[in-house]
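Step one of this worksheet: look at the structure below.
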Amino acid sequence: MPECIFCKIINKEIPAEIIYEDEQVMAFKDVNPVAPVHILLIPKKHIATLFDLTTEDSDVIGQLVLTAKKLAVKLGLEEKGFRLVANCKEDGGQTVFHIHFHLVGERFFAWPPG
Ligand code: AMP
């Protein structure tokens, strides 16, 4: 999707602080962090929202969650934990329509959200 900002990051057309990349997934720092650790994990395949997932995407979704876990360990979040969030469409607060998980940590997050 040429107009998608995250596809542009994948294609290195715009810069990002890339933390991890393999054939299927990429992780980079959020440009507007809400926590000392705020990383976005995205599939390289353009998928607009969680509603657009099919069973063909189960492997890449698994890779995203496993990558989040590996990065959380690498970043020293094992003791205190972290939050992994996927916002979906308007009520979920999604602003970029290329699915992503937010990995946020090194601060406390209340539940439920306000
Ligand atoms: P969401 O609101 O869940 O769709 O999250 C989109 C996130 O993408 C926000 O936290 C933005 O700060 C972040 N974001 C938007 N553009 C960029 C960019 N060019 N590089 C890094 N993060 C971005």
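Read the numbers this way: they start at 1 and go in the same order the structure lists the ligands and their atoms. Model, not experiment: these values are computed from the prediction.
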Ring-ring centroid check Tyr20 Phe28, cutoff 6.0 Å: no
Residues in contact with ligand 1, criterion: heavy atom under 4.0 Å: Ile5, Phe6, Ile9, Phe28, Lys29, Asp30, Val31, Asn32, Leu40, Asn87, Gly93, Gln94, Thr95, Val96, His100, His102
Crowding at CD, Glu17 (>12 non-hydrogen neighbours, <6.0 Å): no
Whether over 12 other heavy atoms sit under 6.0 Å from Lys44 NZ: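 More than 12 within 6.0 Å, yes.
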Qualifying residues under side-chain hydrogen bond (donor to acceptor under 3.5 Å, both in side chains), relative to Asn32, sequence neighbours excluded: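 Result, side-chain hydrogen bond (donor to acceptor under 3.5 Å, both in side chains) vs Asn32: none returned.
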Residues that Glu3 engages under salt bridge (Lys or Arg N to Asp or Glu O under 4.0 Å), provided they are two or more places apart: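 Per chain and number, Glu3 pairs via salt bridge (Lys or Arg N to Asp or Glu O under 4.0 Å) with no residue.
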Can you list, pair by pair, the side-chain donor-acceptor contacts under 3.5 Å of residues 73-80, counting residues two or more places apart and other chains?
none

